[in-house]
Amino acid sequence: MAASPVKKIAILPGDGVGKEVVSEGRKLLEIYRDRGGLPLEFWDLDLGADRYLADGTTMPADVLHEIKRGCAAVLLGALGDPRVPGHEHARDILFGIRFGCDLYANVRPVRALSDALVPLKGKRAAQVDFVVYRENTEGSYANIGGQLRRGTADEIAINEDINTRKGVERIIVAAFEHARRTGKTRLHMADKSNAMRYAHDLWQRVFAEVRDGYRDIESEHLFIDTLCLKLVESPESFQVIVTNNLFGDIVTDLAAALQGGLGMAASANINAKDANAVAMFEPVHGSAPLLAGKDVANPFATFLTIALMLEHLGWPAEARRIEQAVAHAIAQGRSTPDVGGTLGTRAAAAWVRGEIERSLDVFRSMLNS
Ligand code: IPM
Ligand code: MN
């Protein structure tokens, strides 16, 4: 059998707590590289606010090229620093990768790992289990707009909402394909076509066309405001949600609250049409400057994000192993206080890595016996 080709992972801790959680996540990946037999190679990149403030670098073109051509995945921590109030480095790096690598599907699974993490009265973990497909390359994030007479009483500020037929179609198709592949029976598309009559009328028409090809999946449209209401009232009604870039951003913070907060929310940025294209993985949370350097940030969003990465790279059993170890940590209170435990970032991460190492060892000794 040919040896599996080495998968190169670009690691960008970024800013704030991103550095702490990615350093813990890197150690988890090291276990897989050194003891779990996964052919991984790491490429550490010091891009972020410190580098930008030091020499003006945000996302060099040759780095982006190597990410696109030479890497299997990117692990990104978080970007954002109060010393860069315009967020220009964050946009260059994050959108540089999302747009530059055409990672048009931002896939955000929402699953509560314990009843105690669900903040809704009378709801259990089993009732919070869905995935959001967020369009990731256009909409209000397309960076088209401008300002006129800035700073005067007559100022005009414009951000265009860009919706292309191809862009809308491919994200809706990706969501339906996900549903079919994972045996889900229901899909919701959310827009605001009652108010945004031109752009979101396009979503309506494309949805009507695409759903015709997926009669096996029950599909329904909801206005985004109604979706927010129903997510809180009855999260169990949802399996797959597809929506635009901005709405997807907002609704996944709300959804994160249903699964225990931003410390538990993972995401994958993928090109759903090309399984060999590079993909980027990042926890949904931000850089949380006020928490940085205090060993309090929850590392589990990053661990669950690494689970998504390993699944994407073809190791679904390892994804399940990580999810189980994190769920076990939550159940045992071996977590940071935001999810009910008493540990710091490093200790919580080390506990979960210990669980994973033990289960890898058991697996290996079974192979050898
Ligand atoms: C996210 C973040 C980003 C976004 C910010 C940092 C620009 O909130 O990934 O959800 O809006 O996409
Ligand atoms: Mn967000």
Side-chain angles (χ1 to χ4, degrees), residues 10 12-19 21-22 25 47-49 52 58-59 73-110 130-145 159-163 167 171 190 224 227-228 231 241-271 279-292 297-298 300-302 304-306 308-309 338:
L12 279 100
D15 305 329
V17 300
K19 292 182 191 166
V21 294
V22 165
L47 301 173
Y52 175 58
T58 57
M59 173 49 85
V74 180
L75 176 64
L76 176 76
L79 292 160
D81 187 297
R83 296 168 300 165
V84 189
H87 306 286
E88 57 274 21
H89 75 298
R91 274 195 302 273
D92 279 6
I93 298 168
L94 185 65
F95 300 156
I97 299 173
R98 284 183 185 168
F99 301 170
C101 301
D102 203 23
L103 306 179
Y104 65 89
N106 193 322
V107 184
R108 299 187 156 183
V110 180
F130 58 91
V131 62
V132 178
Y133 267 65
R134 166 188 175 187
E135 201 293 320
N136 211 29
T137 50
E138 49 186 53
S140 310
Y141 282 65
N143 197 27
I144 295 188
N159 260 97
E160 295 289 5
D161 179 23
I162 306 302
N163 295 263
I171 191 67
I224 186 69
L227 176 77
C228 290
L231 274 176
I241 294 169
V242 59
T243 191
N244 69 32
N245 205 339
L246 181 61
F247 296 167
D249 175 49
I250 296 166
V251 98
T252 53
D253 263 37
L254 186 155
L258 304 178
Q259 65 180 147
L262 283 169
M264 298 300 293
S267 83
N269 300 258
I270 63 172
N271 182 315
M280 175 173 63
F281 299 84
E282 47 170 342
V284 176
H285 65 70
S287 59
L290 295 175
L291 304 182
N298 186 345
F300 293 170
T302 298
L304 297 169
T305 294
I306 289 172
L308 291 179
M309 180 194 287
D338 57 307

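Since this is a predicted model, take the numbers as computed values, not measurements. Just follow the structure's listing: the first ligand is 1, and inside any ligand the first atom is 1.
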Under a 3.5 Å threshold, I'd like every N/O contact between ligand 1 and protein atoms, with atom names and distance.
residue	atom	partner	partner atom	Å
ligand 1	8 (O)	D249	OD1	3.2
ligand 1	9 (O)	R98	NH2	2.8
ligand 1	9 (O)	R108	NH2	2.9
ligand 1	10 (O)	R108	NH1	3.1
ligand 1	10 (O)	R108	NH2	3.1
ligand 1	10 (O)	R134	NH1	3.4
ligand 1	10 (O)	D249	OD1	2.8
ligand 1	11 (O)	Y141	OH	2.6
ligand 1	11 (O)	D249	OD1	3.4
ligand 1	12 (O)	R98	NH1	2.8
ligand 1	12 (O)	R134	NH1	3.3
ligand 1	12 (O)	R134	NH2	2.9

Checklist entry - Does the side-chain hydrogen bond (donor to acceptor under 3.5 Å, both in side chains) test come out yes or no for D15 and H89, once each step is laid out? => result CA-CA 10 Å; D15 305 329; H89 75 298; 2.7 Å; yes

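Counted by atom type alone, H285 and N298 present zero donor-acceptor pairs between their side chains at under 3.5 Å. Residues N159 and D161 bring no donor and acceptor atom of their side chains to less than 3.5 Å of each other. A donor-acceptor pair shorter than 3.5 Å cannot be found between the side chains of E138 and Y104. Under the 3.5 Å distance criterion, with hydrogens and angles disregarded, a donor-acceptor pair is assigned to the side chains of T58 and D92.
V251 and V132 get closest at one heavy-atom pair: CG1-CG1, 4.2 Å. Residues A301 and A265 approach most closely at CB-O, 3.5 Å, considering heavy atoms.
Contacts of N245 classified as side-chain hydrogen bond (donor to acceptor under 3.5 Å, both in side chains), with partners at least two apart in sequence or in another chain: R134. Residues satisfying the ring pair (Phe, Tyr, Trp, His ring centres under 6.0 Å) criterion with F281, sequence neighbours excluded, are H312.
Protein N/O/S atoms closer than 2.8 Å to the Mn ion (ligand 2): D249 OD1.
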